Structure formats: structure tokens, C-alpha cells
Amino acid sequence: MSGGESVPGLEEALAAGLTEAEYGEIRKRLGRTPNVNELAMLSAMWSEHCSYKSSKRILAGFPTEGPQVLQGPGENAGAVAIGRGLAAVFKVESHNHPTFIEPYQGAATGVGGILRDVFTMGARPVALMNALRFGPLDIPKNRALLSGAVAGIANYGNSMGIPTVGGEVAFETCHSLNPLVNAFALGVAPVDRIFLARADHPGDTVFCVGAKTGRDGIHGASMASAEFDEAAEAKLPTVQVGDPFLEKLLMEACLELMRGDALAGVQDMGAAGLTCSSAEMASRGGAGILMDLDRVPQRETGMAAWELLLSESQERMLLVVRVGREREVERVFERWDLDAAAVGRITGDGLLRVRHGGGEVGAVPCRLLTDEAPVYERPRAAPESFPEPEVRAGELGEPADWNRAVLRLVGSPGLASRRHIYEQYDHMVRSDTIARPGGDAGVVRIKGTPLGLAMTLDGNGRYSLRDPRRGGALAVSEACRNLAAVGATPVGATNCLNFGNPEKPEVMWQLAESVRGMTEALGAFGVPITGGNVSLYNETDGEGIFPTPVVGVVGVLDDVSTLVRQHFVEEGDLVFLLGPDADDALGASEYLKVFHGRTDGRPPAPGLDAELRLHAALRSLAAAGISRSAKDLSEGGLAQAAVESLFAPDGSCIGASLALGDSVPATTALFGEASARALVSVRPARADALAAVAERHRVPARRVGRVGGESLRIRVNGDEAVGLSLDRVADSFLHGLARAARA
Amino acid sequence: MARRRFAIPVFPGTNCEEDVLHALRAVAGQEAELVWHQERSLAGFDAAVIPGGFAHGDYLRAGALARFSPVMEPLAAMAESGRLVVGICNGFQILQEAGLLPGAMQRNRSLAYVCRDVWVRTEETGSPFTAALTPGETIRLPVGHAEGNFHLPDRDLERLEAAGQVIFRYSEPDGSLTEAANPNGSRHHIAGVRNRRGNVAALMPHPDRAWEPALGGTGGLRLFESLVRWSES
């Protein structure tokens, strides 16, 4: 070991984010005091962001198995077989902390990172989605964060030529200082051409390819593992800058290389850069790596070893190349005008050894950086307010004017059409998008096959705040209901768990209960988790976010011609409401928030059995060509579902006349969010066929009206409650978000 | 009539080449090949379609770097010889930067990327994209761009109009020209133009994204039909 490095002590370890106990453990395990480079590597890899030390035990409860699962959690992305020898490769990941500091680059590099995770596996990315959370739009800063993040996401995905086909956005006060950006990517690969991030053959050559390494993003992993305070914006240098053009070249070069067999393993460089990618690859294969930092292509001069080790410069990959095949790799990257530098080799000693300036400047066992990082069982405690009392329609009183109530609700930022956002995303490139954003699920077909892939992202922080177990189950339920509505069968799920400070027992309880609820629903529907990401410490000045699990579910349409869209099709078609009756509960609903400014109460009870039967019925209706439109009921209830069904993506619209029964109060009949329900339209001649399918699946089906006319009319309990021209509905629903976002 | 052979120049950052390739081969029934931007010859090709994307990243002006790619030389020669050379979206911007088509693209009026369906009205039928259309015919096509705001100074614009070089304008479905129908603020609602001779043409909307009902529209079919008819004439 070269003697030039000063030896840091406890003070430096604490400053790097380690605890005193962790520092002691490191000294014990190494049998000595780590030098500055070793401490940098260890503190980054033992950060919450890289080690999952608070969440690991809880995540172990997720179902992860199924006959279709080709790759479960633990790799760059999950993979499931979808038929015809093909695999869907997908994952969702957060980029919350960087987005608050610099929304455009923070969100953009979130897209870049998740795309690398997917093409690293050998899959060509075919679709993107994103889940966003911001503070209320009446605050100018929040409008700037929203527009910056959307522009960043748009520019990255658009430049890459990958359509953004879906997602979700919500607005809550708790996100003013803690916005959330979760990015999802889906790719397709032949099942026998999936590449793993693994290095197990000593002698193989390690390449650093793509962008040059600079001083950007250093300590990003530690930044994402701590709360923010008023100095947060001073953390700007920890945010990386994205270059989608370079990533496009990197993607094409990698996919070209992956058609051959020169690669033994590959991993993208994300959090903790070279350190994380090399330690994880070697650790998975039980090997070691000797790396010469002097050979890493650099765009700045005089970078210290620890800076090179921790840099999170974007658009870089670490490749393990079979010995003797190096020239092939260099040729491919030369053609794409990209750097490809041999920076090290795989060894058999299990150590990550680092050379710099001609001498060895650090050596740490790879497993100490990865599997042997600490795991915590942190204390959990339910808040005293749990369980929340129900909020019932009767105690709230009724709106004076139902027409104005509907317009106000469907025009509110939480429920208005997301057109203002998704029109900034290229959602049609690749000419495979057969269900555009704005529907229950985005769907892309796979040319040359009859297959389609449906996907959706769902989560409701208000639900999870008031009852995290229900919130988790409802997120999974809604996602699977969305897929069923288009006719798809779910084959795998990914998740992004956005929570506050895990050192608070209440937050740990929220996390554990959320996972429990998700697990119960995933188990009921038979959907495995294949990967995901945990984002903790979403707190600023001690104020945390609503617990926000975001679930991404991917479904398969065996025959894309059976796809069902959500908009009404033709005058005279009959409208049916499928699922159990609503009750009189309005806890944690959009209605309660918009009209009463309240987020309290219990969210709806998940009815997993009713859900399962509804999903089966919706798929049967689609496969048999009975349903002409299908729209799930969720936030905003029946009124919202009806409004969304009026507008087709081609700009056309058609009215409907509905009549709702008298079993529940008008407020919940229109706006209640009871689960396991959907609105379906059929040709009059197929009404009996629908009834038969519903009966076979034991799903209640009630005829509630007819498609047609130039207005939306809804009778409730015999009264003509709603009578709105399509123009008025369109003005509120289609333009509400744009107005709020541009105000 | 024998099938024509189309070249599809691909620059680093181009991302619609597969869409155009599929549309030409499977939809229009023509021969088509991708051609890397460093090619110095287009021998054996009858025509070229420059696809959409972000050539060389488009960090400068869209298309500004692409004009220096080696393939632009044989492409210009192809245009000079009277053969069909057309551009879609980024292809339009590249042809402008190369001086093969008039005008320049400014950022959209909204300052944001816009991806949605628009309607265009056919202005004249002497171009490769409009040969099979009728004047005044309106077609629904998707757009996807951040810099599609067509600009020319007044006098040049008058000359362009007088020469009948405007092939498409953004319009309402009934053909009327309204501000709401113009997705990017283009002067005179211009969505597509041709050169004086008529063999070089381009438009911002994407016919390569609209050739079957499942994609949300079939407006692009008529444009590919036009390409085939024009190349046969």
C-alpha cells in the first residue's frame, strides 16, 4: 500500500455518513483502520441507498417466484418470460433527492439510469413510464419543479427514441420540499440472451465504457441517504448531468456487442459509480477485481482516487470481457465514437483492489462492501392515531350543485387529464404504441408477434398514510385492475418504496405494513415481484412524505387485437357497472380532499377476492370481444371514470346517460372510491353475453346507462343530479391541469 | 412497376429509422435499407427518406451537425439529379440545414416538446408526399417535436407561397386554419414544403406512425402511397 494517503479517523467516518458502531465494525472486519479511499468506498456502499440496510429484512417477505420468472430481485432489472421465446425486462427506480435539488437534470438522469438498468440486461428498451409527486401547484416553486422535471424526463426519453406510455402524478403538501420522481423502463430480449451483472472468471478484462468520469455526483448515494434541511439546494454539485445522446450511442453499442458472446458480465454505473458496479459484480461471482484508476477516461484533471471511485458521472458502464476478446469490444465502441478503456481484471482473491498513481491505494473484500454490509431491524410502532375513524358521507353534507361539484373534482390537479404532461413525452416513437397514455394502462405491441405488453404504475400516498397495509394492497389491486381493463394478464411487478426517515419507528411501521399489504395482494393475484428500489429519508426539516409505495405491474396480451380501450365507442352502446356496491365511506378520498381540504379517514377496504373475480371477468370480456370499452373505478369514483370514458385519444368525444341506484348516498355513488369496480360498455346485442360472463365469475353487474348524446347526464337515486355538456366537461377535465400548471 | 429501392440515412441519434423501414417495406411494399451516415455513396438507390430523431444529439440547432455527415454529399447529388429525397421531422430539419429545402425551424411556441395528433390540409399535389392526394384533402397525423415552428422572412415566405411550394398546412379537420390547430406556431401554418423542382419535400408530422388503426390512425398510408406513385412516375 502506498504511504502517501493520510489515515482518516472517526470524525471523517461520521462525516461520510457512517455511525460510530459501523466504523468500529469496519475496523474490526478489516483488522485495521481504513484509509481515505477505503473509507469512501465503504461509507458509500454501507449507505442506505446502496445497502438497503433498513429495508432488507422487510423486503424479504415479497413473493418473488413463479414459472415465468427468469430473473428476480438482485440484478439490474427483473425478467419474466412472456411467450414466443421473449422476455420482458423491467424495473422502477426513484430519483427523488436529485430532483428537488435540480429538477430538470435530476429527473432526466433518473430516466437515463433506469434505461441503463434495462439494456444492461441485454434488452432493448421499448417503453417508459414515470410516477411523480409534487406539492400543490398554487405555489410557484412547485410549478417550476413540475415543469422542470417533466421537461427533463421528456428530453431524455424523447432523445433516446423510447416512448413514454403511461404513469401517474399526484399533488400533496408534503411533497413541496420532497418531490418524488420514480422512473420505470421496460425492455424486450430473447429469453436465452439475458446478461447478468456477474464476474466469476479470473483473468477476464474489466472495461469502463461510455462517458468520461468527472467530479459530478460524488457522494450522491450518501446524499440520497440523508434528510434535507434548508441547505439542501447547496448540494447542487451532487446532482449528475445527463447526456441522452451519449446514452443512445452507449445503448446501441452495448446491444450490438450483446449479439455476440464476448461479454461475461455487465453492470451500469449508477449510485457509487465504479465502486458499486465493480464490488457488486465481483461479489455475485465470488471473485475479486484489480482496478487501475489511472486508466479510467477522465474529463477533469487531478481527480483523487476516492473521487474516481465515487463519481456518479452518467452514461457509463462496466463490462467484464472474456479474456482474448478485448479487441472486439474496442472495435464496436470505436464505431460509436465512445471510450472503451480496459481498467482492470477479474481476480480470484475476492478483494476490490485499487491502484492509482502507480501504487495500490486501497483493498477491501468485495463482500464486505456488498452482502456483509450491516442489516438493521429498526424499531417499528404504529402511530397513536391508528386506526383512523371512518369518514362517512352522512357527516359531510352534500354539495349544493352536483354539476359544479363534478366539474370541480374532474378539473382538480389530482384528477384532471394528464394530457398537459404526456403530450410533452414522445409516446408514439417505434410505432408500437397501441394504447396511448391517458388510459388505464399503456400498451405496446411487439412487431412480428401477436403479443402486447401492458403496463401501469400506481400508488396513493393518502391511502398509505392512513392505513399503509390497505394502501399497499390497494396500489397492487388498482394496478392489476388497470391491466385487466385492457384485457392483459399480469406477469410480474416492480416497486418503488418512497418513505421518510427509517430511524423513526412510525416510518418503519409504515414500510413494514405497506409491504405486508402489497404482499397480500400480490399473493392473491399470483404476481411476483422481480425487483425495485427503496427510497428512504424523504424528509426535509424533519417533515416526511406520505408513505408512497409505487407499484409497476406488467401484463401480457396474447393477442393484441383483443385490446380494450377506455373510451366509449358508439351511440347506443349499453353501460354496465361491474363489482360490488359502493358503501358510504369517503375516507382519504379525492372528494374529501378537494371539497373539505381533509386527508383523514380510512381508505377503502381492499376486497382481494372480489378483485380477483373482477379481473378475470374483465379479461374474459376482452378476450371474447364483448366489451367495447372498460375503465376501472379508483380515485374520484364513478364520476371520474365516466368522464374519462367520454374522451378518445384521437380528440373525438361522445356523451352518456347514466342512472345510479339508491343503495348509497349520492356523494358516494358519484365519488366513492370502493375497490374492485369497473365501468364497461357493450353493444346492446352483447348485453346478455356480458351478464353471462359476469355471472360465471360471480361479479355483480348492473346496467347503469347508455352511450350517446352531446352531454354527460347522471341520475342518482331518481334525481337528475348531473347534466353537463361535453364542452363544459372537456374544459374542466382536459384543461384543468394545464391551467393549474401554467398559472 | 418494379419496386423502388429507398435509402434511409441513419445518423447517430436518429431514432425513427426502424419505423420508416417498416413502413416502406411492410406497408408500402418497397425495398428499403438503412444507410449509416458515414457512407459516401448511395449507388443503387432510387430514392431516400431521412427519418426522425435527434441527429448527433441536436444540442446545437436541430440538423445543424447532420449536414456535415458524409452521406449528405451523395444525398445532395441524388436531389440534384431529380430523384426523390424526402424528410420526416428531424429529416425536414436536416434538409433545411443542408439548404435543400427553404426555411428554418424555431422552438415550438409553447417552448415544449409536443406529441399528439394534428390535422393537415393538402395544399398542392406536385410533391412526393402529396402525389396521391387531392387538393384540400385533410389528413390526421401525429407530430412529435420541440423545434417545428417553421420560419421564413416575409418576402421569402411570399415567394414560397407564390411558387406553390407549401404542401401541407396545420388545420382543423374541416380544413379551416385556426391558431388552435397549429401545434407549434409555424408561420402560415406550414407543416410541409417542397423544393421548386418538386423532387425534394419534407413535413414535420409522422406518416411513419400512422399506418394502421391499432396505432390510432391510418393517415400515413396516403403519404406512402404518394411516395410510391411519385417514384413510379
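Remember, it's a predicted structure, so these values are computed and weren't measured experimentally.
Qualifying side chain to side chain donor-acceptor pair (under 3.5 Å) partners for Asn15(B), counting only residues two or more places apart in sequence or in other chains: none. Residues satisfying the side chain to side chain contact (heavy atoms under 4.5 Å, CB included) criterion with Ala151(A), sequence neighbours excluded, are Tyr104(A). Looking at residues two or more places apart in sequence or on another chain, you find a ring-ring contact (aromatic ring centres under 6.0 Å, His included) between Phe733(A) and Phe647(A).
The minimum heavy-atom distance linking Pro244(A) with Tyr59(B) is given by the pair CD-OH, 3.1 Å. For the residue pair Asp19(B) and Val429(A), the shortest heavy atom distance occurs at OD2-C, 3.8 Å. Of all heavy-atom pairs between Trp211(B) and Ser431(A), the closest is CZ2-OG, 4.0 Å. Residues Thr433(A) and Leu215(B) share a closest heavy-atom pair of O-CD2, 3.9 Å.
The residues Asp208(B) and Arg430(A) are annotated as not salt-bridged, no charged nitrogen and carboxylate oxygen being separated by less than 4.0 angstrom. With salt bridges taken as basic N to acidic carboxylate O contacts below 4.0 Å, one links Asp117(B) and Arg436(A).
If you measure heavy-atom distances from Asp432(A) to chain B, the contacts under 4.5 Å come from the backbone alone. His22(B) touches chain A through its side chain: at least one heavy atom from C-beta onward sits under 4.5 Å away, while N, CA, C and O do not. Contact of Thr14(B) with chain A is made through the backbone alone, with heavy-atom distances under 4.5 Å. Only the side chain of Leu249(A) comes within less than 4.5 Å of a heavy atom of chain B; its backbone N, CA, C and O stay farther away.
Counting heavy atoms from C-beta outward, Cys115(B) and Met428(A) have side chains that approach closer than 4.5 Å.
Other residues, nucleotides and ligands place no more than 12 heavy atoms under 6.0 Å from the CD atom of Glu73(B). Sparse packing is recorded around CZ of Arg728(A), with 12 or fewer heavy atoms of other residues, nucleotides or ligands lying under 6.0 Å away.
Taken from NE2 in His145(B) to CG in Asn158(A), the straight-line distance is 12.0 Å, to the nearest 0.5 Å. Here the SG atom belonging to Cys16(B) is positioned 7.0 Å from the CG atom belonging to Asp426(A), to the nearest 0.5 angstrom.
Ranked by heavy-atom pairs under 4.5 Å with chain B, the first of Arg419(A), Arg742(A), His427(A) is His427(A). Here Gln424(A) is the residue among Met160(A), Glu252(A), Gln424(A) with the most heavy-atom pairs under 4.5 Å with chain B.
Side-chain contact annotation: Asn155(A) with Tyr113(B), donor-acceptor N/O pair under 3.5 Å absent.
Residues from residues 38-56 of chain B that place a non-hydrogen atom less than 4.5 Å from a non-hydrogen atom of chain A comprise Phe54(B), His56(B), given in numerical order.
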